[in-house]
Amino acid sequence: MSLWRDIKGTLQPFWVTLCNMMRRPVTVQYPEQKQQMAQRYRGRLMLTRDPEGHERCVACHLCSAACPVDCISMQAAEGDDGRRHAAWFRINFTRCIFCGLCTEACPTLAIQVTGEFELAGRDPLKLVWEKDDLLVDHGGHTPDYNFYRQSGVGVAAPRGGLPTETAPVDPKDLMP
Amino acid sequence: MIDGLIMIVLILIKLGVIFAVIMTMAAYLVLAERKILARMQLRHGPNRVGPFGMMQPLADVIKLLTKEDFLPDRADKWLFLLAPGMAAVTAILTFAVVPFGPPLQVFGHELPLVVIDLNVGVLYFLGLSSLAVYGVALGGWASNSKYSLLGGIRGLAQLISYELSMGLALVPVVMLARSFSLTDIVLAQQAAPFILVNPLAFLIFLVSVVAESKRTPFDMPEAENELVGGFHTEYSGMRFGLFFVGEYINLVILSSMVTVFFLGGWLGPLLPGVIWFGVKVLALCFFFIWVRGSLPRLRYDQLMHFGWKILLPLALLNVLLTGAVLLWSRT
Ligand code: SF4
Ligand code: SF4
């Protein structure tokens, strides 16, 4: 009977809503109650350090290349021991969409996500975070990983100075 | 002389109180609706402004008053400015004939608890509710926007269709009470409220009233997800507020009408009449909110189909039956 079905279908929702009225709301009252974010929640980014306390980032630009909104910029530099690092490293959080693609691109696990999401403020320029703001003093989600343990540090300058090496080629000496 | 003065003062006080009560009720109905709907959806609803969000209506009014009163470029200026007023004023005017309590004795004067007891109160109510359509139709027409126009046309068609069944559902009531005056209709329900005498008319009237108030499941004129906002798409600030307040005043009025026509008005045991009236009206308002929380919006053809092919014949049949029973019981 379609009439019976219609009548039942009209009356049933009333019962459902009445039952729901008696139940407790599931809303989290945000500023007073904080939600426990999931372990792998993608919030603000951080730059982590390896177990020895050095910066992990080698300024390879992979994260800034992977970033879909181009909000990471940096300049590479090299230390005396041949170890690369970022001279400056900047993330514009007004543009970041918290997609986490940069963390997936990073070969050294330097850039990682945190569970923090309360970034709102009145001054957009305060959301442009420099390296000092981003650097933390721990290893983030992977405290034991040490990229340089596996790969070793590059040869220190001046390159090609060891007895077993040939001197680097000067491409300009072929010029007329 | 003094007598006349006292009478005028009393009437003015009565008018002021009625106006204040209706406005407050409309404002707090908005809050109540938001709260109740929220609870039905397992949310809290507004609870930030004041204790339990009780000051929310005030905040809303301040917000609406301070917003820009926007006039679309090619709108029909005067009609556009007039339409929201029509919606709100017709709603308030209807309350003039609603008797909300038995006559009161003040300083030896008899003060009827109704603004004016018209002997054609039913017709006045039907006429004003037809006039209220102009607010919707003119607002939709004058905005010069396709969404508003569609909303206005829908509103016009819907309200006209359902007004018919609404009027026809009232015919048995008038036949039973043998009067067009709302006070007489209430008094005719001393023995039993008309909801028990003629439940079919009550159901038809209730459905038509929900359609008349333009609320879910009959909110075609403002169907948000098809027409943006329907007839009030182009309105902003307090003009939108007037439409909005008009809708809720209308809700109060229509609940009062259902109370008067079918639930026995102020009649009831123990408690004073005014309180009984208030309780009944509030219960009906809750019912309207409950309907909104429970039923989805009808499709436009379903709406027309239901109005013309089911409600109208049923109402006609009901008039016939009631007439036959009345004739038979008299002889
Ligand atoms: S989370 Fe996404 S948007 Fe943000 S910096 Fe990383 S790659 Fe760019
Ligand atoms: S991908 Fe990792 S290592 Fe490379 S620049 Fe970005 S943060 Fe540094």
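First the proteins, then the strands, lettered A, B, ... as listed; each starts at 1. Quantities reported herein were computed from a predicted structural model and do not represent experimental measurements.
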Taking all non-hydrogen atoms of both residues, which atom of S294(B) and which atom of P13(A) are closest, and how far apart?
O-CB, 3.3 Å
Give a yes or no on whether Q36(A) atom CD has more than 12 heavy-atom contacts from other residues, nucleotides or ligands under 6.0 Å away.
no
Using the six-membered ring wherever Trp is involved, compare the ring planes of F287(B) and F14(A) and label them parallel, tilted or perpendicular (cut-offs 30° and 60°).
parallel
Non-hydrogen atoms of chain B under 4.5 Å away: do they reach the side chain of V16(A), the backbone, both or neither?
neither
What pairs of donor and acceptor atoms, side-chain ones from residues 40-50 of chain B against any protein atom, are under 3.5 angstrom apart with sequence neighbours left out?
residue : atom : partner : partner atom : Å
Q41(B)  : OE1  : R43(B)  : NE           : 3.2
Q41(B)  : OE1  : R43(B)  : NH2          : 2.7
H44(B)  : NE2  : Q29(A)  : NE2          : 3.3
N47(B)  : ND2  : Q29(A)  : OE1          : 3.4
R48(B)  : NH1  : E32(A)  : OE2          : 3.1
R48(B)  : NH2  : Q29(A)  : OE1          : 2.6
R48(B)  : NH2  : E32(A)  : OE1          : 3.4

For M37(A), look at atom CE and say whether over 12 heavy atoms of other residues, nucleotides or ligands are found less than 6.0 Å away.
yes
Is it the case that over 12 heavy atoms from other parts of the model lie below 6.0 angstrom from the CZ atom of F52(B)?
no
Would you say E118(A) has more than 12 foreign heavy atoms packed within less than 6.0 Å of its CD?
yes
To the nearest 0.5 Å, how far apart are CG in L37(B) and CE in M21(A)?
9.5 Å
Expected output: side-chain R39(B) to main-chain R23(A) donor-acceptor under 3.5 Å
yes
